[in-house]
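Chain naming here is simple, since letters A, B, ... match the order of the sequence lines and numbering starts at 1 in each. A quick note: this is a predicted structure, and the numbers were derived from the prediction, not measured.
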Amino acid sequence: MTDYETVVGLEVHAQLKTESKIFCSCSTKFGARPNSQVCPVCLGLPGALPVLNERAVQFAVMTGLAVGGEIAERSVFARKNYFYPDLPKGYQISQYDRPLCAGGGVDVHAEAPGGGSGWSGSSSRRTRGSRFTPKVARA
Amino acid sequence: MTHEAGREETAESIGHSVGSGAESALEVARRFVERAERTASRLGTYLHRDPEVTLAMAREVDARIAKGEKLSPLAGVPVALKDNLCTHGIPTTCGSRILEGYRPPYDAHVVERLRKAGAVITGKTNCDEFAMGSSTENSAYFPTRNPWDPERVPGGSSGGSAATVAALEAAISLGSDTGGSVRQPAAFCGVFGLKPTYGAVSRYGLVAFASSLDQIGPIARTARDVALLYNAICGRDVRDMTSRAEAKPIAVEDVERGVKGMKLGIPRDLIAEGVDPEVLASLERVAKTLAEEGATILDVTLPHARYSIATYYLIAPAEASSNLARYDGVRYGFRAKGASDLQQMYAVTRGKGFGREVRRRILLGTYALSAGYYDAYYLRAMKVRTLIRKDFTDTLARADAVLLPTTPTPPFKLGEKLDDPLAMYLNDIFSIPASLAGAPALSFPAGMTRSSLPIGMQLVGRPFDEGTLLRVARTWERRNTDALRVPPIAAGARA
C-alpha cells in the first residue's frame with residue numbers, strides 16, 4: 001500500500017440564495033404550487049434563450065475570493081451535450097476550460113482513526129505544514 | 001389582363017390609409033386573405049394560415065384605433081411570419097415533422113413587437129426544415145414555388161416569406177438569415193430582403209439553427225418598407241444577451257438622401273468565376289446608375305471570402321448539432337411508436353422526425369465537434385472566420401458599402417440541385433461572407449433576365465449601418481420604378 005497515495009476529491013453543490021433562477025427570471029421561492037415557477041427558458045422550449053443571473057456570478061466570484069482562488073478576467077460557458085429524459089435541451093450549460101474561478105482551497109485538519117498521527121489536506125495547490133502533497137483533481 | 005394589380009400597395013401606404021381612417025384594417029385584411037385564397041395553395045407559401053385568426057386580429061386593430069390608441073406606421077399591415085418564429089397558440093413547426101402540431105405557449109420578441117404595433121399576421125410561411133436549405137424544397141410538407149415561374153424555386157430557406165410578399169399575399173414578412181436565407185429568396189422572388197447586423201434584432205423566440213449566425217430579417221417590396229419593418233423589431237431586448245442597443249431605428253426620410261459622395265466597393269476577385277452573364281450585366285448596370293447618381297465605384301478585395309462555404313459548413317452544422325438536440329421525442333412534437341427502450345426511441349424519433357438535409361448537418365456537426373477533431377475543424381474554421389471578418393473591416397474602412405450579386409445565378413428549377421448538396425451550398429457563395437462577418441447585408445431587386453426571372457444585387461455594410469444600405473438601394477429603386485412589378489400569378493388572379 002505504501003506505493004499508493006490516497007486522494008479524495010469532493011464535488012460540492014450549493015444552492016445560491018438568489019431571488020430568481022440562474023438563466024431565467026422565474027422565482028426560486030420554496031413551496032410554491034407545482035409548475036407555477038417555470039417558463040419557456042427553464043423548460044428549454046424551442047426558441048428560448050438563457051440570460052445569466054448577475055447575482056449568481058457575484059456569488060461565484062465571492063466564493064472564489066473567499067477560498068483564495070483566482071478570478072478569471074474572461075470566462076466562457078460551454079455546452080455539455082448528452083441525451084437524457086430529464087435534460088430538456090439535450091445539453092447542460094456548464095463551464096469547461098475557462099471557469100469564473102480556479103484554484104484556492106480550504107484546509108482540512110482531522111484526527112486519524114485510532115488516534116494516530118493527524119493528517120491534513122487541502123484542495124489547493126498551496127499547502128501549509130502538510131506532509132502530504134495534495135493533488136488538485138477536476139470533478 | 002394587367003400586371004398592375006396591387007402594384008402601389010406598400011406597407012407604408014396601407015399604414016397611412018388605416019392610420020388616417022381611409023380604410024379599416026379589416027378591409028385590408030379581407031383583400032389580402034382573398035388574394036391568398038387564390039394563390040397560396042398553388043405556390044405553397046404557407047404551412048399554417050387561418051383567415052379567421054387574421055380577420056380577428058384586424059378587427060382588434062380597428063377596435064384599438066376606435067378607442068383612440070395611437071398605433072405605429074404598421075397598423076393594419078398584413079405581415080407573414082416564417083414558421084421558425086414562435087407564435088403563441090399558432091403552430092410553429094420549422095417545416096419539420098419533428099415539430100408537427102407543436103403550438104408554442106409564447107410569442108417571439110419580434111412577434112410581440114408586431115402585435116403591439118398593430119400589424120396583422122397572415123400566417124406562418126413555408127421554409128426549409130429548420131432553415132437548412134436554399135430552395136424551400138427541404139420543407140417536410142411541400143415545396144414553395146417561385147411566383148415569377150412556378151417551375152422554379154423561390155430560394156430558401158425563407159422561400160415562403162419571400163414568395164408571399166412577391167405574390168401580394170402579405171405586404172411584408174419576416175424571415176431568418178443564417179447564411180443567406182432572407183437575401184437569397186428575396187433575390188429569387190424580386191423583393192427586398194435585409195439581414196441586419198448580428199445583434200440588431202432579438203432572437204428570443206426564433207428557433208435556433210446556428211446561434212453565432214442567426215438573424216431575423218425583414219422582407220418587403222420597397223426599401224422604405226424594409227426600414228419600417230426593421231424599425232418595428234430592432235434594438236436591445238433583455239431576453240437575448242446578444243441583442244444590442246446600438247441598433248437604432250432608421251429615419252425613413254434619410255433613406256431618400258441619395259448616394260452623392262459615397263464610396264461603393266465591388267469585390268471583383270470573388271465574382272470572377274461561375275457567375276451568370278445576365279447577373280454580371282445587372283451588376284454593371286447598377287454600378288453605372290449609382291455612379292451617375294454621384295457614388296464612386298472602387299475595386300476592393302475580400303481575399304478570404306472564397307473560403308466562406310467551407311468555413312460555414314463547419315461552424316453552422318456544429319452549432320446546429322447542439323441546438324437540435326432538444327428534439328428527442330420526450331416532451332413535445334413527434335415521437336416514434338413501438339420503440340422498446342430509451343435509446344431506440346431517441347434513434348427512431350430523430351431518424352424519422354428529421355429530413356435528409358437536417359440529418360446530414362447534425363452528423364457533420366457532431367463529427368466536427370467530437371473529441372480529437374475540434375481543433376482541426378471547428379477551431380480552425382473559427383480562425384478563418386476571423387480573417388473573413390477582417391477582410392470586411394479593412395474594406396469598409398475604404399468604402400461605405402460593398403456591392404456584389406446576391407446569388408451567382410437566377411432562380412433554378414425545382415429538383416435541379418436537390419440530389420447535389422454541394423451545388424446547392426455553392427449558391428450561397430455571395431451571401432455567406434457577410435453572415436460570417438456579422439455585417440448587415442441587403443438584397444434588392446435589380447431587374448429581370450430576358451426570360452423574366454428576378455435578379456438580386458447585394459450591399460454589405462458596417463455594423464449597425466443598415467441605413468446606408470437602404471439609401472443606396474433606394475437610389476437605384478427611384479431610377480427603376482419596375483421594382484414594384486407584380487408577377488403574373490398575382491396580377492392574373494385579380495377579381
Side-chain angles (χ1 to χ4, degrees), chain A residues 18-28 32-58 60-61 72-100 138, chain B residues 83-88 92-94 96 98-99 102-111 130 176 202-209 211 214 216 237-243 318-319 321-333 342-343 345-347 349-350 362 365-366 369-370 374:
Chain A
T18 53
E19 294 290 318
S20 58
K21 298 183 187 179
I22 187 163
F23 289 118
C24 69
S25 55
C26 286
S27 169
T28 52
R33 262 186 314 113
N35 296 324
S36 64
Q37 295 178 173
V38 288
C39 73
V41 177
C42 48
L43 288 172
L45 293 184
L49 297 170
V51 176
L52 183 58
N53 185 327
E54 205 174 321
R55 191 77 184 123
V57 176
Q58 286 169 0
V61 169
E73 293 270 327
R74 179 182 153 80
S75 179
V76 174
F77 281 82
R79 291 179 181 182
K80 180 178 171 185
N81 291 274
Y82 62 96
F83 290 102
Y84 203 71
D86 72 354
L87 191 67
K89 295 186 301 297
Y91 55 84
Q92 291 181 1
I93 305 176
S94 183
Q95 296 207 285
Y96 181 54
D97 56 350
R98 313 203 56 170
L100 281 163
R138 209 28 173 303
Chain B
D83 201 35
N84 59 357
L85 293 165
C86 287
T87 40
H88 193 169
T92 301
T93 67
C94 301
S96 181
I98 213 153
L99 280 175
Y102 176 68
R103 289 168 192 260
Y106 75 108
D107 274 333
H109 174 75
V110 292
V111 177
F130 284 103
S176 66
S202 165
R203 287 121 15 118
Y204 186 74
L206 166 70
V207 178
F209 159 18
S211 309
D214 295 341
I216 298 167
D237 166 29
V238 293
R239 295 168 301 182
D240 178 356
M241 291 178 89
T242 67
S243 75
E319 296 180 10
S321 71
S322 175
N323 282 331
L324 271 61
R326 68 187 62 189
Y327 310 106
D328 57 8
V330 173
R331 288 158 302 272
Y332 48 78
L342 182 65
Q343 287 307 315
M345 192 283 281
Y346 284 149
T349 295
R350 288 168 64 83
I362 289 173
T366 305
L369 285 179
S370 48
Y374 180 88

J.: With respect to chain B, which residue among A:A48, A:P88, A:P40 yields the maximal number of heavy-atom pairs within a distance under 4.5 Å?
T.: A:P88
J.: For B:Y346 and B:Y327, I'd like to know if the aromatic rings sit close, meaning centre-to-centre distance below 6.0 Å.
T.: no
J.: Name the residue from B:T242, B:V207, B:N84, B:L206 that meets the side chain to side chain contact (heavy atoms under 4.5 Å, CB included) definition with B:D214.
T.: B:L206
J.: Would a distance-only check, ignoring hydrogens and angles, find a side-chain to backbone donor-acceptor pair under 3.5 Å from A:K21 to A:Q37?
T.: yes
J.: Is B:Y204 close to chain A through its backbone or its side chain, or both, or neither, when contacts mean heavy atoms under 4.5 Å?
T.: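 When you check distances to chain A, atoms from both the backbone and side chain of B:Y204 fall under 4.5 Å.
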J.: Examine whether an atom of B:T366 lies under 4.5 Å from a heavy atom of chain A, and if so say whether it belongs to the side chain, the backbone or both; otherwise answer neither.
T.: neither
J.: Side chain from CB out, backbone as N, CA, C, O: work out which of these in A:F83 comes under 4.5 Å of a heavy atom of chain B, or both, or neither.
T.: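 Both the backbone and the side chain of A:F83 come within 4.5 Å of chain B.
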J.: Quick check on B:P104 against chain A: is it the side chain, the backbone, both or neither that has a heavy atom closer than 4.5 Å?
T.: neither
J.: As a test of understanding, state which of B:V111, B:T87, B:L85 forms a side chain to side chain contact (heavy atoms under 4.5 Å, CB included) with B:T92.
T.: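 The option that passes is B:T87.
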J.: Of the backbone (N, CA, C, O) and the side chain (C-beta and beyond), which part of A:L52 lies under 4.5 Å from a heavy atom of chain B, both, or neither?
T.: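 Both parts, backbone and side chain.
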J.: For A:E19, does the CD atom have more than 12 heavy-atom neighbours from other residues, nucleotides or ligands under 6.0 Å away?
T.: no
